[in-house]
Amino acid sequence: MQVGILGGGQLGRMLALAGYPLGVRCVVYDPSPDACAGEVAPLLCAPYDAADSLERFALGKQVITYEFENVPVETARQLERYAPVRPTPRALELFQDRLLEKQFLQEVGIPTPAFAPVDLDNPAGALEQVGCPCVVKARRGGYDGKGQAVAQTHGDYFRAVAQRGSQPLIAEAFVPFERELSVVGVRGSNGETRVYPLVQNHHHEGILRLSVAPAPNSDALLPTAYDYIQRLTHALGYVGVIALEMFQVGEQLLANEVAPRVHNSGHWTIEGAHTSQFENHLRAILNLPLGSTAARGVSAMVNLIGEVPDIGAILRIEGAHLHLYGKSPRRGRKLGHITLCADDHASLRKRLALLISRASLPVPLDDTRC
Ligand code: AMP
């Protein structure tokens with residue numbers, strides 16, 4: 001079985017690695033010759049609009065998938081001539097634009113923070129709708145908090161809009177959330193849908209640093225998260241893994257962002273769940289039965305950003321699993337992650353404290369984390 005993956009970053013790399021035991025051979029397509037998935041799978045290096053390279057890439061593939069949502073929609077649509085593209089290119093189109101994404105969430109009945117498109121000729125209109133404080137975000141291309149600014153005052157808002165020039169923007173009400181949660185789900189081609197336990201996420205400078213799974217005290221919220229994943233995937237005839245980032249406010253879950261792909265907050269599933277998100281994505285898009293999404297014990301996933309700490313010190317910690325992506329260090333770059341596994345939250349907390357101090361990670365630990 002051969003799968004083509006658009007995008008050759010760490011997600012493509014982990015998908016390719018998950019394919020080996022299943023006898024699935026992945027080939028990745030990326031415009032960069034340094035794409036890190038190229039270390040573990042054949043890499044076809046060409047621009048996303050090179051028709052002849054895309055055709056060569058698609059030949060002999062059972063299915064084509066993508067590992068990040070900023071692949072041009074046209075590329076995915078073009079590939080549909082040769083092989084099924086899963087998830088559907090429509091998901092790319094919707095979720096690479098924050099306005100279309102929020103409108104779609106609203107259409108399928110999933111609550112979101114109040115939002116409005118910013119009309120650059122009349123920016124006051126959006127401010128009237130969402131109020132202050134608010135968050136100004138680029139509609140496209142923003143990830144890991146890039147391209148966005150929190151506006152506490154009307155002055156901040158107009159400055160943030162002016163600083164972003166002519167790029168299309170969206171304004172959102174600022175949500176004073178209790179915590180950030182995400183749910184990773186998977187839908188098979190027969191419509192069967194499963195979700196992993198909810199994950200609690202901690203960001204620093206807009207980048208995910210720590211995920212704890214299952215999120216403490218989250219069992220009562222799981223049916224709502226499952227309902228959201230069903231609404232999203234059913235409406236799109238979606239096949240594959242999907243992730244939804246949410247804010248918890250009281251008992252309510254507000255949707256922030258959808259990723260039509262495997263997700264950073266699902267990396268813990270490699271060691272921490274019965275079937276990893278990567279394997280389940282491949283199973284789904286290849287019409288194979290889905291695997292169990294149940295957790296084995298509890299896990300914490302810590303991203304390694306910008307530099308790799310002393311590997312020996314990390315591996316001496318009981319239950320620690322290291323994943324390096326083969327990328328050269330650069331400020332703000334995700335170079336790898338560590339998953340810590342334990343039987344219960346109390347021992348996970350101890351291991352996490354050890355990891356954070358040994359590896360000098362910028363993840364402040366407090367009692368609410370796990
Ligand atoms: P995003 O790029 O939309 O995932 O945003 C990155 C981070 O900014 C989120 O994980 C939140 O911590 C924060 N954030 C984004 N939108 C809002 C919002 N409407 N209210 C409060 N915080 C937000």
Side-chain angles (χ1 to χ4, degrees), residues 9 11 68-70 94-106 110-118 126-154 156-157 160-161 163-164 167-184 198-213 215 218 225 228 232 242-250 252-267 301-303 305 332-334 337 362-364 366 368-369:
L11 302 178
F68 85 130
E69 62 269 44
N70 290 323
L94 288 173
F95 303 135
Q96 63 187 210
D97 180 323
R98 288 181 192 276
L99 179 62
L100 300 184
E101 174 177 65
K102 290 262 157 42
Q103 287 170 337
F104 178 73
L105 286 162
Q106 211 170 39
I110 299 176
T112 67
F115 66 92
V118 177
L127 186 59
E128 271 163 34
Q129 287 185 57
V130 303
C132 244
C134 64
V135 188
V136 176
K137 298 181 178 180
R139 274 177 61 176
R140 304 177 70 89
Y143 61 94
D144 287 345
K146 290 190 178 75
Q148 57 174 268
V150 176
Q152 298 293 348
T153 63
H154 288 212
D156 291 347
Y157 169 80
V161 171
Q163 274 164 5
R164 278 159 183 76
Q167 65 177 316
L169 302 172
I170 178 175
E172 283 178 21
F174 181 86
V175 179
F177 54 79
E178 277 140 51
R179 56 180 179 166
E180 294 190 76
L181 299 172
S182 61
V183 61
V184 172
L198 279 160
V199 175
Q200 184 167 348
N201 298 317
H202 303 269
H203 295 82
H204 178 72
E205 293 172 347
I207 306 181
L208 179 68
R209 302 289 165 154
L210 169 69
S211 293
V212 176
S218 63
Y228 290 180
L232 278 173
I242 189 165
L244 175 62
E245 294 183 55
M246 298 167 291
F247 303 130
Q248 183 180 354
V249 184
Q252 207 190 15
L253 293 176
L254 296 178
N256 176 39
E257 200 170 25
V258 183
R261 52 168 170 80
V262 287
H263 193 252
N264 197 169
S265 71
H267 290 359
M301 189 279 323
V302 176
N303 273 333
I305 315 280
R333 202 175 197 199
K334 287 180 187 166
H337 72 267
V363 185
D366 65 46
T368 61
R369 288 188 194 281

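Numbers for residues simply follow the sequence, beginning at 1. Note that ligands are numbered from 1 as they come in the structure, with each ligand's atoms numbered from 1 the same way.
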With heavy-atom distances below 4.0 Å as the criterion, list the atoms of ligand 1 near Gln148.
1 (P), 2 (O), 3 (O), 5 (O), 6 (C), 8 (O), 15 (C)
Sub-4.5 Å side-chain heavy-atom contact between Ser218 and Arg179
yes
Non-hydrogen side-chain atoms of Leu244 and Val258 separated by less than 4.5 Å:
yes
Should Glu172 and Arg98 count as an ion pair when the cut-off is N to O under 4.0 Å?
no
Are the side chains of Leu94 and Glu101 in touch, meaning some heavy atoms are under 4.5 Å apart?
no
Sub-4.5 Å side-chain heavy-atom contact between Val183 and Tyr228:
no
At a 4.0 Å threshold, what atoms of ligand 1 neighbour a non-hydrogen atom of Arg98?
1 (P), 2 (O), 3 (O)
So the atoms of ligand 1 within less than 4.0 Å of a heavy atom of Lys137 turn out to be 3 (O), 15 (C), 16 (N)
Side chain, backbone, both or neither: Ala173 near ligand 1, heavy atoms under 4.0 Å:
backbone
Parallel, tilted or perpendicular, as decided by the 30° and 60° cut-offs, for the rings of His267 and His337
tilted
Relative to the heavy atoms of Glu180, which atoms of ligand 1 are at a distance of less than 4.0 Å?
9 (C), 10 (O), 11 (C), 12 (O)
Heavy-atom pairs closer than 4.0 Å: do any link ligand 1 to the side chain of Val150, the backbone, both, or neither?
neither
Min side-chain heavy-atom separation Asn264-Lys334 under 4.5 Å:
yes
Ligand 1 atoms nearer than 4.0 angstrom to some heavy atom of Phe247 are 11 (C), 14 (N), 15 (C), 16 (N), 17 (C), 18 (C), 23 (C)
Could you tell me, atom by atom, which parts of ligand 1 come under 4.0 Å of a heavy atom of His203?
10 (O)
At under 4.0 Å between heavy atoms, which part of Val175 makes contact with ligand 1: side chain, backbone, both or neither?
both
